[in-house]
Amino acid sequence: MSTENEGTAVPPAPSAPPVPVDAPAASAPHASDAGASGGAQGPGPELVHAGPAPAYASAQGQQHGAPGGPEGAWPPPQPPGTPSYADGAEGAAGGAGGAGAGGAGPTGVWGAGYQQPAPKPKNGRGGLVAAILVAALVAGGLGGGLGYTLAKNNDNGSSTTLSASDSGGSVKRDAGTVAGVAQRALPSTVTIEAESTNGEGGTGTGFVFDTQGHIVTNNHVVADAVDGGKLTATFPNGKKYDAEVVGHAQGYDVAVIKLKNAPSDLKPLTLGNSDQVAVGDSTIAIGAPFGLSNTVTTGIISAKNRPVASSDGSGSNASYMSALQTDASINPGNSGGPLLDAQGNVIGINSAIQSTSGGGLGGTSQSGSIGLGFAIPINQAKYVAQQLIKTGKPVYAKIGASVSLEDSTGGAKITTEGAGGSAPVEAGGPAAKAGLKPGDVITKLDDHVIDSGPTLIGEIWTHKPGDKVKITYERDGQTHTVDLTLGSRTGDS
């Protein structure tokens with residue numbers, strides 16, 4: 001499946017609520033094509049990087065006032081042909097219908113079916129009841145006056161005045177609550193602003209990886225600042241630091257930046273174990289959606305090992321992951337932020353969202369969360385980050401064969417021609433040593449079902465070079481299984 005990575009340019013959050021606009025002009029959503037290489041290559045269904053914040057829009061509806069009728073008559077006389085409540089939903093509260101659903105009742109009519117009751121005949125009993133009520137009110141006033149006088153006369157200075165408490169008392173939040181987790185994690189997250197040499201850029205999120213000032217984020221968040229651009233990281237307390245890119249891995253969509261003049265009191269977030277995550281586990285996401293820094297949202301793990309190919313729309317190679325899927329609200333600007341478990345451990349890096357086809361929020365080209373967010377498992381991201389800090393370059397596992405990038409459900413087919421005219425099966429590579437040939441269709445890697453080339457890439461990249469895996473493949477209608485030791489490739493090119 002493919003989606004959009006989020007994290008393209010967004011304006012800073014407004015300091016005051018913006019003035020609503022009537023109807024911002026809708027712009028066509030951008031689409032992107034993904035492609036990748038590295039043992040196996042390929043775009044899958046596309047995910048999107050989140051982008052610019054939309055104009056705020058307000059849904060305006062007509063509110064009907066009280067129409068004037070004959071003097072002394074309200075409601076006004078019912079026009080001929082107007083349906084009553086009993087005749088259907090039409091006409092009931094016309095003002096509310098116009099504002100809420102776009103379909104109003106009869107214009108200017110509010111409760112058209114209402115009939116004014118006839119006046120009741122007067123009798124002596126009615127006057128008697130009124131007189132009794134007046135007498136009761138007078139007696140009540142008299143009693144109140146007597147009570148006040150007695151209280152005043154008996155007040156010798158020893159009386160106690162009771163008043164309502166003006167405080168709800170101290171609020172304690174347990175460490176395991178969402179508020180407790182957020183309180184501990186927020187100080188170790190940053191909002192990242194990346195700007196290229198030509199002034200283009202965007203906003204994303206990152207989190208403290210170690211006490212030396214390394215921050216982990218997405219590659220697409222910092223891509224604009226890689227070649228001489230400007231990079232800053234701002235903490236929730238407002239402190240802002242210049243930063244530099246230590247290394248970035250386009251295929252993994254992971255990057256590491258380092259703060260210049262990093263403070264000495266940095267507290268790295270605790271890393272969890274993404275292999276132990278279960279569907280249904282609670283999740284907490286932190287980020288800067290649409291430029292709104294330090295935003296916390298919650299959800300659950302909706303699925304594991306979700307094959308995802310994502311692109312930022314630049315036409316460059318895609319990123320591949322066997323992702324954690326969550327319904328925690330993730331929007332443009334959440335990219336690179338931590339996905340936490342209920343104890344506050346980082347289990348993933350928020351990277352991509354599945355978006356609706358026509359930009360949704362305010363009619364802009366980018367829609368927001370529809371409950372389908374995807375995060376890079378932290379076990380994989382940790383390995384990549386450590387490699388980037390150590391050498392500045394990513395290292396990818398590979399099988400040494402080119403596979404088809406077309407979406408399918410039958411498996412990953414080894415192509416008859418390699419990329420750029422190279423051999424489809426690398427001579428002396430892992431696939432060749434295992435006996436794989438062009439035309440073979442890989443259907444499993446260990447116990448994971450492989451339905452396409454992009455799925456195979458994502459599964460391979462969850463491993464390290466040197467790992468031994470079991471490959472199941474089909475050839476001439478026969479199923480075969482073979483052990484294979486993964487090779488390595490350094491760098492994105």
Side-chain angles (χ1 to χ4, degrees), residues 1 36-42 44-45 249 251-254 272-279 281 301-309 318-325 347-348 374-384 387 394-415 424-426 429-475 477-489:
M1 123 182 263
S37 61
Q41 315 165 355
Y252 291 121
D253 197 20
V254 174
N273 185 345
S274 52
D275 290 340
Q276 295 180 352
V277 170
V279 173
D281 281 352
I301 292 293
S302 303
K304 294 180 61 176
N305 304 314
R306 186 70 79 189
V308 167
S319 301
Y320 297 92
M321 67 184 98
S322 183
L324 297 175
Q325 180 182 326
I347 54 174
F374 303 93
I376 304 165
I378 195 59
N379 289 8
Q380 177 182 4
K382 176 183 177 181
Y383 164 73
V384 176
Q387 289 293 323
V395 178
Y396 298 90
K398 70 173 186 177
I399 64 170
S402 296
V403 296
S404 172
L405 303 180
E406 296 178 358
D407 289 336
S408 67
T409 57
K413 184 177 181 179
I414 299 178
T415 58
V425 177
E426 176 187 335
K433 291 180 179 179
L436 294 174
K437 298 179 179 180
D440 289 346
V441 178
I442 298 174
T443 57
K444 277 188 178 182
L445 190 151
D446 290 332
D447 293 330
H448 296 284
V449 174
I450 303 300
D451 58 6
S452 66
T455 301
L456 177 63
I457 298 171
E459 285 298 329
I460 290 173
W461 285 357
T462 63
H463 292 78
K464 302 178 180 64
D467 285 353
K468 292 184 178 180
V469 297
K470 188 179 297 292
I471 298 291
T472 301
Y473 66 95
E474 294 180 357
R475 178 190 297 170
Q478 301 294 317
T479 299
H480 306 272
T481 300
V482 65
D483 291 331
L484 181 149
T485 300
L486 296 172
S488 67
R489 172 174 65 85

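Here the closest non-hydrogen pair linking Ala434 and Leu484 is CB-CD1, 4.0 Å. Glu426 and Ala432 make their closest contact through O-CB, 3.4 Å (heavy atoms, listed as atom of the first residue, atom of the second, distance). Closest approach of Val384 to Ala249, counting heavy atoms only: CG1-CB, 4.0 Å. Of all non-hydrogen atoms in Ser404 and Pro454, the two that sit nearest each other are O-CD, 4.4 Å. Closest heavy-atom contact between Val395 and Pro465: CG1-CG, 3.8 Å. Among all heavy-atom pairs drawn from Thr415 and Pro438, the shortest one is O-CB, 3.4 Å.
Using a distance-only test at 3.5 Å, with no hydrogens or angles considered, a donor-acceptor pair links the side chain of Asn379 to the main chain of Ser274. A donor-acceptor pair is defined here as one N or O able to donate and one able to accept, closer than 3.5 Å; such a pair exists between the side chain of Lys304 and the backbone of Asp275. No donor-acceptor distance shorter than 3.5 angstrom exists from the side chain of Thr455 to the backbone of Ile450, with no hydrogens or angles considered. Put simply, the side chain of Tyr473 never gets that close to the backbone of Leu436: no donor and acceptor are under 3.5 Å apart.
Residue His463 holds its NE2 atom at 12.0 Å from OH of Tyr383, rounded to the nearest 0.5 Å. One distance of note links OG of Ser322 with CZ of Arg306; it measures 10.0 Å at 0.5 Å rounding. With values rounded to the nearest 0.5 angstrom, Asn305 atom CG is found 8.0 Å from Leu324 atom CG. Atom CD1 of Ile471 and atom CG of Leu445 lie 4.0 Å apart (nearest 0.5 Å). One distance of note links CZ of Phe374 with CE of Met321; it measures 8.5 Å at 0.5 Å rounding. For the atom pair NZ (Lys468) and CG (Asp446), the distance works out to 13.0 Å, reported to the nearest 0.5 Å.
Counting only heavy atoms from C-beta outward, the side chains of Ile347 and Asp281 never approach each other to under 4.5 Å. Between Thr485 and Asp467 there is no side-chain heavy-atom pair separated by less than 4.5 Å. Side-chain contact between Ile442 and Glu459 is absent, with no heavy-atom pair separated by less than 4.5 Å. Between Leu486 and Pro430 there is no side-chain heavy-atom pair separated by less than 4.5 Å.
The salt bridge (Lys or Arg N to Asp or Glu O under 4.0 Å) test applied to Asp483 returns Lys470, not counting sequence neighbours. Every residue was checked against the ring-ring contact (aromatic ring centres under 6.0 Å, His included) condition with His448, not counting sequence neighbours, and none meets it.
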Report the C-alpha distance between Ile399 and Leu456 in whole Å, list the side-chain angles of each, state the deciding distance to 0.1 Å, and finish with yes or no for side-chain contact (heavy atoms from CB on, under 4.5 Å). CA-CA 10 Å; Ile399 64 170; Leu456 177 63; 4.2 Å; yes
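The aromatic rings of Tyr252 and Tyr396 lie parallel to each other, their planes meeting at an angle below 30°, with 60° marking the opposite boundary.
If you check the side chains of Thr462 and Gln380, you find no donor sitting under 3.5 Å from an acceptor.
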